[in-house]
Amino acid sequence: MGYPDRAVRGRGWRGLTLLVWVAAVSLVLVADGRRVRQPRCPAGCTCTKDNALCENVRSVPHTFPSDVVSLSFVKSGFNEITGGSFVHTPALQLLLFTANSFDLIDEDAFLGLTHLEYLSLAYNNLETLPKDVFKGMDALTKVDLRGNNLICDCKLKWLVEWMHHTNATLDQIYCSGPPLQQGKKINDLLPHSFDCMTAEFASYQSLKFESISVEAFTFGKEQYVVFAQPFAGTCSFLEWDHVEMTFRMYDTIESTSTVVCKPMVIDNHLFVIVAQLFGGSHIYKRDTSANKFIKIQDIDILKIRKPNDIETFMIDGESFFVIADSSKAGSTTVYKWNGNGFYSHQSLHPWYRDTDVEYLEISNKPHLILSSSSQRPVVYQWNRSQKQFDRRTDIPEMEDVFSVKHFRVKGDLFICLTRFIGDSKVMRWDGAMFKEVQTFPSRGSMVFQPVSIGNWQYAIMGSDYSLTQVYQWDTKRGQFVPSQELNIQAPRSFSLVAIDDRVFLLASSFKGKTQIYEHLMIDLSN
């Protein structure tokens, strides 16, 4: 009788064990369910099956149910959409920010939204958008930017380019500025209508010596520069180090109170005219076999007593140089190469104390302009039959001009006239005479040097009393406009040298370190 009862007790025990096992499995399943449970709808948002609407939230929530494909923000309290705001909702297909108040969007704000088809940023406070903010969003079919205050400057050029290449459609949107673009349809703008390229001279190298003149030249397919150092009494030649990317010492010519070191290449031979205040001036030739400079000629000390400037030029295949003499007893003189040396070809005028000479062509005819402390700038024209310069005219109402330098813009001839006291000027040749174009305050200026780099035309005005002013030519105005200031102590001359697809501005300094600047192109749309 006892056996059946034992059997019942056995079945009861096995049933109890099964219940315990089921309960344990259930707990595990519940625990597993907690680990994979979907995120809840964030506070401030309302979520349905696949949509979410957020109102008055102070930031973009980072957790939404995974099946949300449409997300809207209305009257939100944040002022920026930060980077990576939607990396946790990569399945979004529709994203709307309507009637909010934010004015900033990070360039990575929409990172990871590769499936997004519709994006609305309408009626916010956006003035610009970061470049490539839509990068990787190839599924976009519609972008709404209406109702913002977009400034159509160079920072927004990328958007115009993007609009011309994207498959997404955009409603008509308008520029709120700048004044030139205000009211225009952004959809109608073209990328080339943005003038976004600018340039500047950036400090590159400082040389530990004073200098009064600088020249750049090419010899043997290499670029060199030479500085006249009056206090050290040397012509210092520098070459470009292609490895270290700096200018390094190449050679020197020892002299006395040096004011100009003028290189001149004739038939692959390098000559250097060394002008000195004391001890006479000399001509040196580069001996390539001995790798040094050798003095080959003295310049007549009776004619050249106090040299101040040298110009080299060629007329009808013949080589000349002219030295401006600033002494009371000297004479500005033209010298000509005869195959063996240089000889005095013409004395232009004595007793005028010339401070500068400029060679240029006017109406395809060779001319010289002499600046003097005792008279207005004098213009000489080359007489081809006599093979000499004839005095032609002077530049009226321009007394006390220290130097004259010329430049051309689209075929028009201009000159920069430097005054130490009074106003310096830019004048234009009208076919018969030079007429004033622009006036510059220039107290303490001894150099007003035009330089041209590609399509960029500059005029650089140095001063003994203030910062050096760089002006850039404005083609629309037909005038120079301020561009930059450089800190150079008592500059006396400027020169350009192009090496390894780079352009450098060399600046002599009479009272401080000689400076070298690099001309850099800057794209404001980047």
Side-chain angles (χ1 to χ4, degrees), residues 207 209-220 223-239 247 249-288 290-314 319-327 330-338 340-345 347 354-359 403 446-447 492-495 497 506 508-510 514:
L207 305 175
F209 56 76
E210 298 92 352
S211 59
I212 195 171
S213 72
V214 56
E215 300 282 347
F217 64 97
T218 302
F219 179 62
Q223 298 287 330
Y224 300 91
V225 296
V226 55
F227 294 93
Q229 297 178 242
F231 305 118
T234 62
C235 295
S236 295
F237 294 81
L238 277 67
E239 64 179 350
F247 290 91
M249 192 61 67
Y250 171 70
D251 206 346
T252 61
I253 295 176
E254 300 300 324
S255 56
T256 304
S257 59
T258 317
V259 291
V260 182
C261 304
K262 191 72 174 185
M264 188 176 187
V265 178
I266 303 175
D267 297 331
N268 297 320
H269 295 287
L270 173 61
F271 300 90
V272 181
I273 305 120
V274 180
Q276 302 180 160
L277 292 180
F278 306 104
S281 297
H282 313 282
I283 301 175
Y284 290 78
K285 181 181 178 181
R286 184 69 178 177
D287 187 330
T288 53
N291 199 30
K292 64 179 182 179
F293 289 100
I294 299 174
K295 186 171 72 171
I296 63 168
Q297 187 177 340
D298 296 326
I299 296 176
D300 189 353
I301 195 171
L302 296 177
K303 292 182 179 180
I304 306 300
R305 295 175 178 268
K306 192 178 179 181
N308 212 70
D309 186 35
I310 302 176
E311 274 283 281
T312 61
F313 53 93
M314 292 188 68
S319 298
F320 299 83
F321 70 83
V322 55
I323 301 181
D325 188 89
S326 60
S327 69
S331 176
T332 293
T333 305
V334 177
Y335 292 84
K336 180 182 177 182
W337 172 253
N338 66 1
N340 295 311
F342 296 89
Y343 68 92
S344 176
H345 180 74
S347 292
D354 296 325
T355 54
D356 178 82
V357 56
E358 178 78 350
Y359 174 81
S403 68
M446 297 185 72
V447 56
R492 290 294 183 267
S493 66
F494 300 95
S495 185
V497 60
L506 314 167
S508 68
S509 172
F510 187 61
T514 294

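One distance of note links OG1 of T333 with CG of D325; it measures 7.0 Å at 0.5 Å rounding. E358 contributes atom CD, which lies 8.5 Å from atom OG of S403 (distance to the nearest 0.5 angstrom). With values rounded to the nearest 0.5 angstrom, D309 atom CG is found 4.5 Å from D356 atom CG. With rounding to the nearest 0.5 angstrom, the CD1 atom of I299 is 5.0 Å from the OG atom of S281. Taken from CZ in F320 to CH2 in W337, the straight-line distance is 13.5 Å, to the nearest 0.5 Å. For the atom pair E254 CD and Y284 OH, the distance stands at 9.0 Å (nearest 0.5 Å).
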Residue pair L207, L238: steps toward the side chain to side chain contact (heavy atoms under 4.5 Å, CB included) verdict:
CA-CA 11 Å; L207 305 175; L238 277 67; 3.7 Å; yes
Take T252 and T234 through the side-chain hydrogen bond (donor to acceptor under 3.5 Å, both in side chains) test and state the conclusion after the steps.
CA-CA 6 Å; T252 61; T234 62; over 6 Å; no
Would you please test F219 and T288 for side chain to side chain contact (heavy atoms under 4.5 Å, CB included) and show each step?
CA-CA 11 Å; F219 179 62; T288 53; 4.1 Å; yes
Verdict with reasoning, K262 to V272, per side chain to side chain contact (heavy atoms under 4.5 Å, CB included)
CA-CA 5 Å; K262 191 72 174 185; V272 181; 6.0 Å; no
Is there a side chain to side chain contact (heavy atoms under 4.5 Å, CB included) between T258 and Q229? Walk through the geometry before answering.
CA-CA 6 Å; T258 317; Q229 297 178 242; over 6 Å; no
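S509 places none of its side-chain heavy atoms less than 4.5 Å from the side chain of E210. Two residues are said to be in side-chain contact when any heavy atoms from C-beta on lie closer than 4.5 Å; F271 and F342 meet this criterion. Two residues are said to be in side-chain contact when any heavy atoms from C-beta on lie closer than 4.5 Å; P263 and L270 meet this criterion. The shortest side-chain heavy-atom distance between V226 and I253 does not fall under the 4.5 Å cut-off. Proximity of H282 to Q276: side-chain heavy atoms (C-beta onward) are separated by under 4.5 Å at one or more points. Residues F227 and V225 are in side-chain contact: their nearest non-hydrogen atoms beyond the backbone lie under 4.5 Å apart. Using a 4.5 Å cut-off on side-chain heavy atoms (C-beta onward), E215 and C261 make no contact. Between R286 and N291, the closest side-chain pair of non-hydrogen atoms falls below 4.5 Å.
Aromatic ring centroids of F293 and F237 lie under 6.0 Å apart. Here F231 and F510 bring their ring centres to under 6.0 angstrom of each other.
N308 places no side-chain N or O within donor-acceptor distance of the main-chain N or O of A324, the cut-off being under 3.5 Å. Between the side chain of S508 and the backbone N or O of V214 there is no donor-acceptor pair closer than 3.5 Å. Between the side chain of S326 and the backbone N or O of K306 there is at least one donor-acceptor pair closer than 3.5 Å. In this structure, S257 contributes its side chain and P230 its backbone to no donor-acceptor pair below 3.5 Å.
Annotation for I273 and M264: closest pair CD1-SD, 4.2 Å, computed over non-hydrogen atoms. Of all heavy-atom pairs between Y359 and E311, the closest is N-OE1, 3.1 Å.
Judged as a side-chain contact (heavy atoms from CB on, under 4.5 Å), and not counting sequence neighbours, the contacts of T218 are Q223.
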